**Student:** 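Please find one structure pasted underneath; my questions will follow.
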Amino acid sequence: MNEIELSAGTVQYVDSGTDGPVVVLLHGLLMDASLWDGVIADLSADHRCIAPTLPFGAHRRPMNAGADLSLRGIAELVVEFLDRLDLQDVVLVGNDTGGAVVQLVLGADPKRVAQAVLASCEAFDNLPPGLTGRVLAFSGRLSPRLFGAFMQQLRLKAVRRSPLAFGTLTKRGDATTARWIRPLLEQPELRAETVRMLRAVFADPELLTEAAEGLRRFDRPALIVWAADDRVMPTDHGRRLAELLPQAKFVEMADSYTLIPLDQPSEFAGLIRALCASAGR
């Protein structure tokens, strides 16, 4: 695991260090870079894959006091991350809330982005997304102590696999989701920070609706990949995103819930590879 000191704090990230087009992969709430392990295992044969662990609740290094943990703040952190690593012509990929961050980057500061991939993510008025998102938004209104007690329930597989947690997000990734919650269970300072992050993320339900128009200005190739069995992110939102982005293509992924990188990693890696190949990269 690599680390870089940014204005908001220390961010850990995976870097395959391999040759080829640079693919930067962003995860969602209560997740870390390991969301992308299966995709990176496949794609790193001919691409350089970089996956930061964003301060979305499964990170292990608390951010600086006063760091902006709103979605716009995290998007600015991603832009700074790309700048500091001097990454050029990247393929920026986001799944779940990582896709919301990609949308904000594309609308505000896409100078380092050559291609974009949005995979089953929050969009338009779907914030918080579905029952899982509403539960997270509720938990963010608790005190850090009560939030910690609430999160303790996720030690139980039956709770993790319920629609209240990760049950409608992944068909096959329970072992990974169990690892994601460990920092919250083990580090009290992260519980307080995560409560602050959740309040900031869900503070403006209209944010993505307002940001959507900015996608029209991203006139480079884009791919919208939506889980055919998604129960959290409406398929219609994926099609609407494809209509907004001037050079976008819409694809459905069979036999997957929202977290396509966990449920169909090889197939998803193949779509990213094909996108790069189509641009002659």
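Values in this document were obtained by computation on a predicted structure and should not be read as measured data.
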**Student:** Side chains of T209 and D125: donor-acceptor distance under 3.5 Å anywhere?
**Tutor:** no
**Student:** Please test V225 against V117 for side chain to side chain contact (heavy atoms under 4.5 Å, CB included), starting from the C-alpha separation and ending with a verdict.
**Tutor:** CA-CA 7 Å; V225 184; V117 181; 4.2 Å; yes
**Student:** Would you please say whether a donor-acceptor pair under 3.5 Å links the side chains of E122 and T97?
**Tutor:** yes
**Student:** Does D109 come within less than 4.0 Å of K111, counting only side-chain N to carboxylate O?
**Tutor:**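 Yes, D109 and K111 are salt-bridged.
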**Student:** Would you mind reporting whether R61 and V11 have side-chain heavy atoms less than 4.5 Å apart?
**Tutor:** no
**Student:** Please check this pair: side chain of R48 against backbone of G20, looking for a donor-acceptor N/O pair closer than 3.5 Å.
**Tutor:** no
**Student:** Would you give the length of the straight line joining atom CD1 of I50 to atom CG of D15, rounded to the nearest 0.5 angstrom?
**Tutor:** 4.0 Å
**Student:** How close do C121 and D96 get, heavy atom to heavy atom, and via which atoms?
**Tutor:** CB-O, 3.0 Å
**Student:** Taking side chain as C-beta onward, heavy atoms only, is V102 less than 4.5 Å from L26?
**Tutor:**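 Side-chain contact under 4.5 Å: yes.
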**Student:** How about CZ on R145, more than 12 heavy atoms from neighbouring residues, nucleotides or ligands closer than 6.0 Å, or not?
**Tutor:**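 For R145, atom CZ is not crowded (no more than 12 foreign heavy atoms under 6.0 Å).
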**Student:** Can you give me the closest heavy-atom contact between A228 and A254, atom names plus distance?
**Tutor:** CB-CA, 4.1 Å
**Student:** Taking the side chain as everything from C-beta on, heavy atoms only, tell me whether M197 gets closer than 4.5 Å to E193.
**Tutor:** no
**Student:** Sequence neighbours left out, what pairs pass ring-ring contact (aromatic ring centres under 6.0 Å, His included) with at least one residue falling in residues 124-178?
**Tutor:**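 Every ring-ring contact (aromatic ring centres under 6.0 Å, His included) pair that includes a residue of residues 124-178, provided the two are not neighbours, is F124-H237, F166-W180.
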**Student:** Do the non-hydrogen side-chain atoms of V78 and L54 ever get within less than 4.5 Å of each other?
**Tutor:** yes
**Student:** Looking at CG of L169 and OG1 of T177, how far apart are the two atoms once the value is rounded to the nearest 0.5 Å?
**Tutor:**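 L169 atom CG to T177 atom OG1 measures 9.0 Å (nearest 0.5 Å).
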**Student:** With the side chain counted from C-beta on, respond yes when F218 and L244 share a heavy-atom pair under 4.5 Å apart, and no when they do not.
**Tutor:** no
**Student:** Between D230 and T258, does any side-chain donor sit less than 3.5 Å from a side-chain acceptor?
**Tutor:**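 Yes, side-chain donor-acceptor contact under 3.5 Å.
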**Student:** Among side-chain atoms of T10 and E3, is any donor-acceptor pair under 3.5 angstrom?
**Tutor:** no
**Student:** What is the minimum heavy-atom distance between A75 and L104, and which atoms define it?
**Tutor:**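 A75 and L104 have their closest heavy atoms at CB-CB, 3.8 Å.
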**Student:** With a 4.5 Å cut-off on side-chain heavy atoms, are V90 and V23 touching?
**Tutor:**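 No, side chains not in contact.
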**Student:** If you count every heavy atom of other residues, nucleotides or ligands that lies below 6.0 Å from K249 atom NZ, does the total exceed 12?
**Tutor:**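 No, NZ of K249 has 12 or fewer neighbouring heavy atoms, counting only those of other groups under 6.0 Å.
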**Student:** Between the side chain of N64 and the main-chain N/O of S7, is any donor-acceptor distance below 3.5 Å?
**Tutor:** yes
**Student:** So, are R273 and D46 salt-bridged, with charged N and O less than 4.0 Å apart?
**Tutor:**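 Answer for the salt bridge query: yes.
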**Student:** Quick one: does any side-chain atom of S70 pair with a main-chain N or O of G73 as donor and acceptor, under 3.5 Å?
**Tutor:** yes
**Student:** Working to the nearest 0.5 angstrom, can you tell me the gap between M63 CE and D68 CG?
**Tutor:** 12.5 Å
**Student:** For the CG atom of L259 and the NE2 atom of H27, what is their distance to the nearest 0.5 Å?
**Tutor:**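 The CG atom of L259 sits 12.0 Å away from the NE2 atom of H27.
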**Student:** Run the side chain to side chain contact (heavy atoms under 4.5 Å, CB included) check on L156 and R160 step by step: do they pass?
**Tutor:** CA-CA 6 Å; L156 302 175; R160 289 195 306 274; 5.8 Å; no
**Student:** Is it true that, when you exclude D19 itself, more than 12 heavy atoms of the residues, nucleotides or ligands shown sit nearer than 6.0 Å to its CG?
**Tutor:** no
**Student:** Considering non-hydrogen atoms only, spot the tightest contact between A33 and V14 and give its length.
**Tutor:** CB-CG2, 4.2 Å
**Student:** Checking R196 side chain against A67 main chain: does a donor-acceptor pair fall under 3.5 Å?
**Tutor:** yes
**Student:** Would you check, one step at a time, whether the test salt bridge (Lys or Arg N to Asp or Glu O under 4.0 Å) holds for E186 with R60?
**Tutor:** CA-CA 10 Å; E186 297 168 357; R60 294 186 175 274; 3.6 Å; yes
**Student:** Taking the side chain from T18 and the backbone from A45, do they hold a donor-acceptor pair closer than 3.5 Å?
**Tutor:**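 No: the side chain of T18 does not pair with the backbone of A45.
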**Student:** Which heavy atom of A51 sits nearest a heavy atom of I40, and at what distance?
**Tutor:** CB-CD1, 4.1 Å
**Student:** Got a salt bridge between D32 and R179, using NZ or NE/NH1/NH2 to carboxylate O under 4.0 Å?
**Tutor:** no
**Student:** Side chain of S16, backbone of C49: donor and acceptor closer than 3.5 Å?
**Tutor:** yes
**Student:** Let me confirm one number: the CG-CG distance from L69 to L198, rounded to the nearest 0.5 Å.
**Tutor:** 10.0 Å
**Student:** Can a donor-acceptor pair be found, under 3.5 Å and without considering hydrogens, that links the side chain of S44 to the backbone of H47?
**Tutor:** no
**Student:** Quick one: do F268 and Y257 end up in the same hydrophobic cluster if we chain Ile, Leu, Val, Met, Phe, Trp and Tyr together by side-chain heavy atoms under 4.5 Å apart?
**Tutor:**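 Looking at the clustering, Y257 is in a separate group from F268.
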**Student:** Measuring only between side-chain heavy atoms, which start at C-beta, is W226 closer than 4.5 Å to I260?
**Tutor:**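 Sidechains of I260 and W226: no contact.
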**Student:** Any ion pair linking D83 and R112 (charged N to carboxylate O, less than 4.0 Å)?
**Tutor:**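 The answer is yes: the pair qualifies as a salt bridge.
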**Student:** Give a yes or no on whether a salt bridge exists between K171 and D229, defined as a side-chain N under 4.0 angstrom from a carboxylate O.
**Tutor:** yes
**Student:** When rounded to the nearest 0.5 angstrom, what is the spacing between OG1 in T176 and CG in L35?
**Tutor:**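 Rounded to the nearest 0.5 Å, the OG1-CG separation comes to 8.5 Å.
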**Student:** Any sub-3.5 Å donor-acceptor pair from R220's side-chain atoms to Q115's backbone N or O?
**Tutor:** no
**Student:** Evaluate side chain to side chain contact (heavy atoms under 4.5 Å, CB included) for L6 paired with I4, printing each intermediate quantity in order.
**Tutor:** CA-CA 6 Å; L6 301 176; I4 186 169; 4.0 Å; yes
**Student:** Quick one: does F56's side chain get under 4.5 Å of T194's, heavy atoms only?
**Tutor:** no
**Student:** Restricting to non-hydrogen atoms, name the atom on A108 and the atom on P110 that form the minimum distance, rounded to 0.1 Å.
**Tutor:**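 Closest pair (atom of A108, atom of P110, distance): C-CD, 3.8 Å.
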**Student:** Give the intermediate values and the outcome of side chain to side chain contact (heavy atoms under 4.5 Å, CB included) for residues V251 and L271.
**Tutor:** CA-CA 9 Å; V251 176; L271 290 175; 4.2 Å; yes
